[in-house]
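In what follows, a single structure is set out as structure tokens and then discussed.
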Amino acid sequence: MTLARLIATFGGCGLAPRAPGTVGSFAALLVGLPLLRRPRALLCAGVTATLVGWWATSRAGEGEDHSWIVIDEVAGMWIALLACLPDSQHDGACPKAAQRLLWPIVAFGLFRLFDITKPGPIGTLDKRHDALGVMGDDVLAGFASAGCVLALRRVLARRA
């Protein structure tokens with residue numbers, strides 16, 4: 001296995017026989033949870049996964065979005081998790097233990113929804129046959145998920 005393929009599969013997660021995108025997203029969630037305590041580390045991880053993923057995708061996948069390429073899901077999931085950072089201003093109604101898991105699970109669900117349905121510009125990027133398309137649709141899905149999580153947190157905080 002080449003370095004590019006190892007990165008593109010996120011250490012082999014993309015080689016799962018069923019739902020490799022979901023497996024890669026879930027692995028990213030598990031790796032990302034401890035990073036919620038270190039916001040800069042999570043941000044750097046998301047940026048690094050995007051840049052290194054772009055390189056690995058162009059090398060290993062030759063621009064095609066093969067099902068075994070999941071580094072794009074990892075980057076998107078870590079971007080989505082940025083909206084789950086602890087925030088006393090928006091978490092008043094939710095006990096600390098619940099918010100540690102609730103928002104990351106919501107982010108995971110929304111990310112998978114946007115990644116699978118590919119609405120609007122996410123779908124437009126997905127139609128490209130290059131590394132920008134492979135990585136870009138999931139990065140946008142991550143931002144869309146983060147935006148939805150932040151909106152939900154604000155709405156629930158106002159109701160508290």
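The analysis underlying the following values was restricted to heavy atoms, covering all of them including side chains, and did not include hydrogens, waters or symmetry mates.
- The distance from atom OG1 of T57 to atom CD1 of I7, rounded to the nearest 0.5 Å, is 9.5 Å.
- Remark: side-chain polar atoms of T9 are not paired, donor with acceptor, to backbone N or O of G14 under 3.5 angstrom.
- Judged by distance alone, with hydrogens and angles left aside, the side-chain atoms of K127 form no donor-acceptor pair with the main-chain N or O of T124 at under 3.5 Å.
- Through direct or indirect side-chain contacts shorter than 4.5 Å among Ile, Leu, Val, Met, Phe, Trp and Tyr, F143 is connected to I79, V139.
- In this structure the side chain of P104 reaches within 4.5 angstrom of the side chain of L29, judged on heavy atoms.
- No side-chain heavy atom of M77 sits less than 4.5 Å from a side-chain heavy atom of V70.
- Taking CZ of R5 as the reference point, atom CH2 of W68 lies at 4.0 Å (rounded to 0.5 Å).
- Residue C13 holds its SG atom at 9.5 Å from CD1 of I71, rounded to the nearest 0.5 Å.
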Fill in: Working for side-chain contact (heavy atoms from CB on, under 4.5 Å), residues T22 and F108
CA-CA 9 Å; T22 301; F108 174 82; 4.1 Å; yes
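- Looking at every heavy atom in both residues, L156 comes nearest to W103 through CD1-CH2, 3.5 Å.
- Atoms CD1 and CZ, on I116 and F111 in that order, are 9.5 Å from each other to the nearest 0.5 Å.
- In E62, the CD atom is not crowded: 12 or fewer heavy atoms of neighbouring residues, nucleotides or ligands sit closer than 6.0 Å.
- Between the side chain of H66 and the backbone N or O of G61, at least one donor-acceptor pair lies under 3.5 Å.
- Counting only heavy atoms from C-beta outward, the side chains of D126 and V134 never approach each other to under 4.5 Å.
- Rounded to the nearest 0.5 angstrom, R18 CZ and S67 OG are separated by 14.0 Å.
- Taking R59 as the reference, nothing meets the side chain to side chain donor-acceptor pair (under 3.5 Å) condition, with sequence neighbours excluded.
- Here CZ of R40 is found 10.0 Å from CG of L43. Values are rounded to the nearest 0.5 Å.
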Worksheet item: Given the rule in the side-chain contact (heavy atoms from CB on, under 4.5 Å) test, do L36 and C84 qualify, once you have shown the distances and angles that lead to the verdict?
Response: CA-CA 7 Å; L36 288 171; C84 302; 4.1 Å; yes
